Amino acid sequence: MTDPFDTVAGYLQEHVVVPILWQLGWMKWEDLAGGWALFAVYGAAQVALMFAICMPLEKFLPVERWPDRSAVLTDVFYTVLQRVGLLPLVTFVGFYEAQTTLNAVLTDHGIVPPTLEMLFPWLLGRPVISFLLYACLLDFAEYVRHRVSHKLRWWYALHSLHHAQRQMTFWSDDRNHLLDDLLGAVWFGTIALAIGVSPMQFPLLVLLLRLLESLSHANARLDFGPVFGRLLVSPRFHRTHHGPGAAGRRSCNFGAVLPWWDMLFGTADFSADYTATGDVTASETLASGGYLAQQGAGVRRLVNDIRGDSRQPAPRPRGGGPGVRPANMESP
Amino acid sequence: MKTVRLSLVLAMGLVPALGFAQPLGFVLNSDSASISLIDMATHRPVGEVPVLRQPHHITRAPDGRFVLVGDTVGNQILYLDPRTGRVVRRQTISDPYQLMFSPDGRLLTITGLARNQVDIYRYDDRTGLTLWHRVPARSMPSHTAYAPDSSAVYVSLQGSNRLMAIATGTGAVLWDARVGETPAGVLWNDGALLVGLMGQDGIAVVDPADGQVRRMIKTGRGAHNLFFSPDDRLIYVTNRVAGTISVLDRATLRVVRDYRVPGGPDDIEFAPDGTLWITQRFDHGVLFLDPETGRFSRVDVGRSPHGLFLNTDQTTHRTAFP
Ligand SMILES: [Zn+2]
Ligand SMILES: [Zn+2]
């Protein structure tokens with residue numbers, strides 16, 4: 001009955017994490033450290049699974065081929081840092097602390113914080129179904145946030161780091177400016193608190209959504225067809241969002257996992273062919289710099305945009321610069 | 001493993017029709033929002049009760065009609081039928097972590113680990129719990145013990161290395177004193193308080209009059225919780241980090257035996273046949289230890305099992321030995 005993740009995390013907790021906490025005099029964190037260990041194990045497994053699924057896809061069905069893939073390495077660093085280290089800490093320890101404290105105080109004041117299971121008692125004891133319902137609600141929250149981050153000029157100044165990548169691979173999902181990530185986490189966490197997501201499910205929800213988002217960034221000629229493609233975001237659908245024409249205020253295909261919200265609000269484009277990716281308004285550092293250089297360039301762009309300074313690089317002529325290239329460089 | 005799962009499914013389907021022939025053990029799976037029901041005769045899981053979020057501790061009401069379960073993150077107290085595990089009632093109570101009835105059965109103290117306060121409730125089997133005193137505490141109030149005459153309750157403050165004493169009549173803080181690193185379980189024994197120190201390797205013997213530590217007794221790394229044996233001769237101490245259980249002679253407080261118990265031992269209950277039931281926080285199981293031989297068997301339950309209750313004939317659980 002014990003699943004392998006629990007077994008591995010339990011072993012780590014008993015033989016590595018707790019003895020270290022004891023040595024450091026941090027035993028009061030023992031309980032929470034167990035959750036962190038569990039979700040770090042899930043995070044590592046998710047990176048491995050993502051690699052196993054996406055690597056063959058990118059090898060055998062590539063949209064583009066690059067002689068020098070060094071720009072991809074930076075994205076690998078973003079991914080491991082996020083999913084094994086930061087995400088378990090923020091999504092479990094941070095969310096748990098915030099939820100228990102906030103909800104207990106509200107309860108003391110006679111306000112019972114809502115949960116889906118209390119609204120629909122049938123869900124109690126059906127964790128898989130409540131998990132999927134929470135996933136849909138949170139995916140909608142992601143759609144709204146993503147759309148707003150394109151609409152607001154200062155926010156897009158940060159989000160352009162994500163769009164700047166011209167060598168988009170499944171590693172690219174986590175390449176975000178730290179401030180953009182922070183805003184995203186606050187938004188996502190606030191919504192999750194408001195709808196009463198279980199603290200044991202929240203990290204898994206984040207990991208599941210992120211796994212599918214990674215797949216949708218893959219450099220692969222993969223389309224889910226006219227029916228399934230309208231149920232789940234495919235690499236082709238999200239690639240359209242990363243096309244040079246969709247970088248900035250006029251954009252489409254904002255959905256992270258479910259294309260339903262784009263279909264509902266008229267922002268879906270299923271017609272485009274596999275396009276090249278990139279943001280012509282982004283500096284070369286944002287596209288191909290190292291981790292710290294990209295973070296610095298993101299802040300500079302933010303400051304410039306807030307000052308109203310419009311000295312952005314002029315759009316390169318079609319087919320000229322690296323930002324805009326013919327889409328079908330590589331035929332299947 | 002497969003057969004266990006199958007029998008669980010079968011049993012869950014059959015429960016309402018058959019009822020339970022054997023008395024049940026209750027195991028609170030804190031990280032999988034459920035309570036495992038275990039047949040005390042066969043040690044097999046026979047059912048599962050879903051709870052909202054995170055159940056940690058369980059205790060029997062003085063009249064024996066209910067067992068009370070605290071769901072911390074769900075901010076609820078559940079009243080369960082001890083014979084069947086059926087949820088009879090839910091009451092909204094904020095962050096109920098540890099819950100313990102006073103020896104006279106009139107009061108229930110609930111510690112709010114996340115909200116740093118201790119609530120003393122009056123208990124009535126018809127109306128349930130009514131708040132009597134709310135006492136602000138320092139960081140992370142966790143375990144409790146009472147004076148044998150129920151006049152005071154002692155609460156360990158896990159995050160601030162202290163123990164506090166509260167007068168149950170007035171809700172006044174009598175003292176609040178440093179006792180050692182990360183204090184957890186507390187027990188009143190022979191006019192002294194014994195406190196498990198998770199951040200150290202043993203228990204502190206504390207004076208109930210002023211909170212001063214009289215001496216230390218070494219048991220093992222990560223000493224967590226303490227329990228009287230059913231015959232009142234021994235005290236069992238779980239050592240979470242060392243992975244052992246130390247047995248102390250109650251009169252002399254000398255360690256007379258150690259058991260090797262892997263998987264992060266937490267709470268202990270005593271079955272009428274003499275077996276010790278022990279929750280394993282890291283190993284997601286319950287161990288059944290034979291105290292004579294030191295051998296054990298185990299069964300898988302949910303994630304991070306914590307509180308434990310066995311529905312035996314004994315109606316009150318000894319929490320203080322004058
Ligand atoms: Zn975007
Ligand atoms: Zn993207």
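The model shown is predicted, which means the values in this text are computed figures rather than measured ones.
- Applying the side-chain contact (heavy atoms from CB on, under 4.5 Å) criterion to Val105(A), with sequence neighbours excluded, gives His109(A).
- Inter-residue side-chain proximity for Arg303(B) and Met200(A) is flagged as met; some heavy-atom pair is nearer than 4.5 Å.
- Residues Val73(B) and Ser198(A) form no side-chain contact, since every pair of their non-hydrogen atoms from C-beta on lies 4.5 Å or further apart.
- Of the possible polar contacts, one joining the His284(B) side chain to the Asp6(A) backbone as a donor-acceptor pair under 3.5 Å is found.
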Would Leu197(B) and Met27(A) satisfy side-chain contact (heavy atoms from CB on, under 4.5 Å), going step by step from the backbone distance to the final call? CA-CA 10 Å; Leu197(B) 297 173; Met27(A) 280 301 280; over 6 Å; no
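- For the pair Thr182(B)/Glu30(A), no side-chain contact is recorded, criterion being any heavy-atom separation below 4.5 Å from C-beta on.
- Both the backbone and the side chain of Arg221(B) come within less than 4.5 Å of a heavy atom in chain A.
- Annotation for Trp260(A): atom CH2 does not count as buried by contact number, only 12 or fewer foreign heavy atoms lying within 6.0 Å.
- In this structure Glu97(A) satisfies the side chain to side chain donor-acceptor pair (under 3.5 Å) test with no other residue, sequence neighbours excluded.
- For chain A, the nearby part of Gln200(B) is the backbone; its heavy atoms alone come within less than 4.5 Å.
- When the candidates Asp31(A), Asp108(A), Leu124(A), Thr100(A) are compared by the number of heavy-atom contacts under 4.5 Å with chain B, Asp108(A) comes out ahead.
- With a 4.5 Å cut-off on non-hydrogen atoms, Val49(B) does not touch chain A at all.
- Both the backbone and the side chain of Met198(B) come within less than 4.5 Å of a heavy atom in chain A.
- Heavy-atom distances place no part of His224(B) under 4.5 Å from chain A, backbone and side chain included.
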What do the steps show when you test Tyr96(A) against Gln54(B) for side-chain contact (heavy atoms from CB on, under 4.5 Å), and what is the final call? CA-CA 11 Å; Tyr96(A) 183 91; Gln54(B) 199 171 70; 2.4 Å; yes
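- The two atoms that bring Gln158(B) and Lys28(A) nearest to each other are O-CB, 4.0 Å, heavy atoms only.
- Taking Gly263(B), Ala33(B), Gly74(B), Ser304(B) one by one and counting their heavy-atom pairs under 4.5 Å with chain A, the maximum is reached by Gly263(B).
- Of all the heavy atoms in Pro199(A) and Arg53(B), the pair that sits closest is CD-CD, 4.0 Å.
- In terms of heavy-atom proximity, Ser94(B) sits nearest to Ala104(A) at CB-O, 3.4 Å.
- Residues Thr92(B) and Thr107(A) form a side-chain contact, since some pair of their non-hydrogen atoms from C-beta on lies under 4.5 Å apart.
- Tyr11(A) has its side chain out of reach of Asp283(B): every pair of non-hydrogen atoms, C-beta onward, lies at least 4.5 Å apart.
- Residue-environment remark: CH2 (Trp261(A)) exceeds the threshold of 12 foreign heavy atoms within 6.0 Å.
- No part of Leu131(B) comes within reach of chain A, as not one of its non-hydrogen atoms sits under 4.5 angstrom from that chain.
- For Glu213(A), the side chain to side chain donor-acceptor pair (under 3.5 Å) criterion is met by no residue, not counting sequence neighbours.
- Around CZ of Phe51(A), the count of heavy atoms belonging to other residues, nucleotides or ligands within 6.0 Å does not exceed 12.
- Residues from residues 108-118 of chain B that place a non-hydrogen atom less than 4.5 Å from a non-hydrogen atom of chain A comprise Ala114(B), Arg115(B), Gln117(B), given in numerical order.
- Side-chain contact between Glu14(A) and Pro262(B) is present, with at least one heavy-atom pair separated by less than 4.5 Å.
- Between Asn75(B) and Val112(A), the closest side-chain pair of non-hydrogen atoms is not below 4.5 Å.
- Heavy-atom distances place the side chain of Leu38(A), and not its backbone, under 4.5 Å from chain B.
- Neither the backbone nor the side chain of Val17(A) has a heavy atom closer than 4.5 Å to any heavy atom of chain B.
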